[in-house]
Amino acid sequence: MIFYDEKKRIFHLQTPDTSYVFGMYGDYIVEHLYFGPRLSDIDGIEPFKENDAAFASHNFEYHDNSIELSTELSLTEYSFFGSCDMRKPSFHAAYEDGSRITKMKYVSHKIFAGKPKLPGLPSTYTESDNEADTLELTVRDELTGLVLVYRYTAFNTYNAITRSVTVKNDGTQTVNLKSVMSLNIDFERSGFDFVNLSGAWARERWLERRSLGTGTTKVESRRGSSSHHQNPFFALCSRNADEDRGDVYGFSLVYSGNFEAGAEVDTYGRTRAFMGINSFDFNWRLEPGEEFNTPEAVAVYSDSGFGKMSREFNRLYRQRLARGKWRDMERPVLINNWEATYFNFDEKKLLEIAKTAKSAGIEMLVLDDGWFGKRNDDTTSLGDWYPDSNKLPNGISGVADGVNKLGLKFGLWFEPEMISPDSDLYRAHPDWCLHVEGRGRSLGRNQLILDLSRTDVCDYIVSFMTDVLSSANIEYVKWDMNRNMTCVGSAKLPPERQPEVYHRYMLGLYDVLEQITSAFPDVLFEGCSGGGGRFDAGMMYYFNQYWTSDDSDAAERMYIQYGTSLVMPSTFMGAHVSAVPNHQVNRTTPLETRGYVAMGGQLGYELDVTKMSDEELAEVKLQIDEYKEVRSVIHNGDMYRIESPFESENCSWAYVAEDKSEAVLFVFKLMVHTSTLPRRVRLRGIDTEAHYRLRGSDEVYSGAVLENYGIKIDQKRDFDATMLIFDRV
Ligand code: DGJ
């Protein structure tokens, strides 16, 4: 709900558990007043009004009714370069006279039910207008005619506030937008810890936590994609916050390109949180009459630690970011041939894998890289999306039919955004890749990136994908992207628009994804970028699941899936059982452990099942049966992280059905050390008034005992794994 107090000129955004309050202070300052536990009313909330500090400048034009005000000392909802606020501005633009000063004055606001779509950009949504209220607050720069619309949505059943900004050029001059953040929140205090998810290829989204001192702390990507290295998410939390306790503010950007996200602590002890498209190397020329929309930022407040914050993000993203028929459907257990064969396969081999996989209960075969052009290694053929007749003499439809006849669905890998210099496509269109004339073309994994800022290139992708997907019974697509952007330039854009390429690429990509996913609504789309390189909220508007990491080792995956779960629900995480010794880290872990870790996501297999023993295949079959028993709780329930692999050699998490009737607890050991005794693991999120039976036994436990005393776990070998299912009696 959103309320407006006309007398005080204060807006009160309410979700079930939180309130977000801000107001107009005069006509020039939109002042942030509160974000925290839900308030029933705003009696007692008043403007901050501080103006007295040495070296804090006053801009007299900013005050109304003779109140002097320093914008540097005020807590603003959106901050402007040139307004005397010395902190990082949300907005920075350059005008034709060379000035970079912007001064925005209140024009109007409207509050309405529902949530509008963000043109051309992914965003959370409502299915009916009574799910949320939206406020649009319009401000205008009288000198330049530039108009900004601050958009806020408060959900009625999710504890999330979303924000985005539309810039409209209602003036007569071209405006160069240099920085337009999606979100700015000024907290009246400091003393926060900063938590982010950083990593590398095959080590995505490891947890990092540090104490904030004065100055700016931020995470960012300059790689043209949100990246393996930093995720467009961060949290500010009280120093004592843990999984179950403390204030946590989480921020997630629904965007997949260059971003910046962070916090600036000033010398007055306040903290500014910001998030948006990276202003580094960004410039957008906004012509008269044009509009620019920022991506959406999602803010979640939790008064009960990181666990609640994650459950809020997980639920919102699972239910109102993910779309399409697969959003609410159980996904097939798949086998992917990549780690089984790499490029070395043919139809016969694939059908052998499919046949054995079927006998173990697997439901879909995914044909990965190497099926097209002359692609026997990664040096060639991206762009030549016709089947290699040596490997697939009967084409894609031949192998798909063969797989279908064995009783499995068929899925196919693509890397549509890429082009190999050794490809017919490149020979025909050498200017279709991102490049800068005279600077050479820098390769990554031997390939170049198609210039998706161009509509002809986007049209080509839609057309070849449509052709291939229509040519056979393809029920799943893996959409990969295996390098970051370098030498970024477009042959189609004039010099002054070159700094727009990164963002125009994203707009092109989102448009292509929208067209293809809506043309093939029955196909299950899984995203991938060398594993989890672009695993962000922007992508999850189009893809129902995402290949979480190229590291398929069970122990490594504990860290990766634990970190990923801070924002992303298990239903998004592709997780496969692979061979041992593991191909990325050479580690050998038990099949049982690999299975239980992978069950924390969308379970799949990625190994040559034809080389497994009968006992191993029987174990796989058992795993899949067990998984099917619990997957609806894993994917539709609430996740509780219990033991963090970042803090000890123990890792555990649980999934609890929304009505608390069932809980699935996974407990893992990393390395065993001498003198380690059995431990008690305390289940979370269950009904403490009820009793639960341990499935497969006669043991009945009080919910309160399970939560507070815990259950004894005795794990004596490295990488031991335990799954326990509790049913309310
Ligand atoms: C990177 C992906 O993450 C892998 O799973 C695999 O699809 C390879 N690309 C294929 O080149």
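Order of listing sets the numbers, starting from 1, for every ligand and every atom in it.
Taking the centre of each ring, Trp547 and Trp479 stay at or above the 6.0 Å mark.
By the 30° and 60° cut-offs, the orientation of the rings of Phe666 relative to Tyr655 is perpendicular. The aromatic rings of Trp653 and Phe668 stand perpendicular to each other, their planes meeting at an angle above 60°, with 30° marking the opposite boundary.
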Can you give me a line-by-line list of nitrogen or oxygen pairs between ligand 1 and the protein shorter than 3.5 Å?
residue: ligand 1; atom: 3 (O); partner: Gly531; partner atom: N; Å: 2.9
residue: ligand 1; atom: 3 (O); partner: Asp550; partner atom: OD1; Å: 2.4
residue: ligand 1; atom: 3 (O); partner: Asp550; partner atom: OD2; Å: 3.1
residue: ligand 1; atom: 5 (O); partner: Lys478; partner atom: NZ; Å: 2.7
residue: ligand 1; atom: 5 (O); partner: Trp547; partner atom: NE1; Å: 3.3
residue: ligand 1; atom: 5 (O); partner: Asp550; partner atom: OD1; Å: 3.4
residue: ligand 1; atom: 7 (O); partner: Asp368; partner atom: OD1; Å: 2.6
residue: ligand 1; atom: 7 (O); partner: Asp368; partner atom: OD2; Å: 3.2
residue: ligand 1; atom: 7 (O); partner: Trp413; partner atom: NE1; Å: 3.1
residue: ligand 1; atom: 7 (O); partner: Lys478; partner atom: NZ; Å: 3.0
residue: ligand 1; atom: 7 (O); partner: Asp480; partner atom: OD2; Å: 3.3
residue: ligand 1; atom: 9 (N); partner: Asp480; partner atom: OD2; Å: 2.7
residue: ligand 1; atom: 9 (N); partner: Asn482; partner atom: ND2; Å: 3.4
residue: ligand 1; atom: 11 (O); partner: Asp369; partner atom: OD2; Å: 2.6
residue: ligand 1; atom: 11 (O); partner: Arg445; partner atom: NH1; Å: 2.9
residue: ligand 1; atom: 11 (O); partner: Arg445; partner atom: NH2; Å: 2.9

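Residue pairs that meet the side-chain hydrogen bond (donor to acceptor under 3.5 Å, both in side chains) test with at least one member in residues 527-541, sequence neighbours left out, are Ser226-Asp536, Ser256-Asp536, Arg323-Tyr541, Glu417-Arg534.
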Give the table of side-chain donor-acceptor pairs shorter than 3.5 Å for residues 462-470, with sequence neighbours excluded, one pair per line with atom names and distance.
residue: Thr466; atom: OG1; partner: Val462; partner atom: O; Å: 2.5
residue: Ser470; atom: OG; partner: Thr466; partner atom: O; Å: 2.5

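Taking His583 as the reference, Tyr342 meet the ring-ring contact (aromatic ring centres under 6.0 Å, His included) condition, with sequence neighbours excluded.
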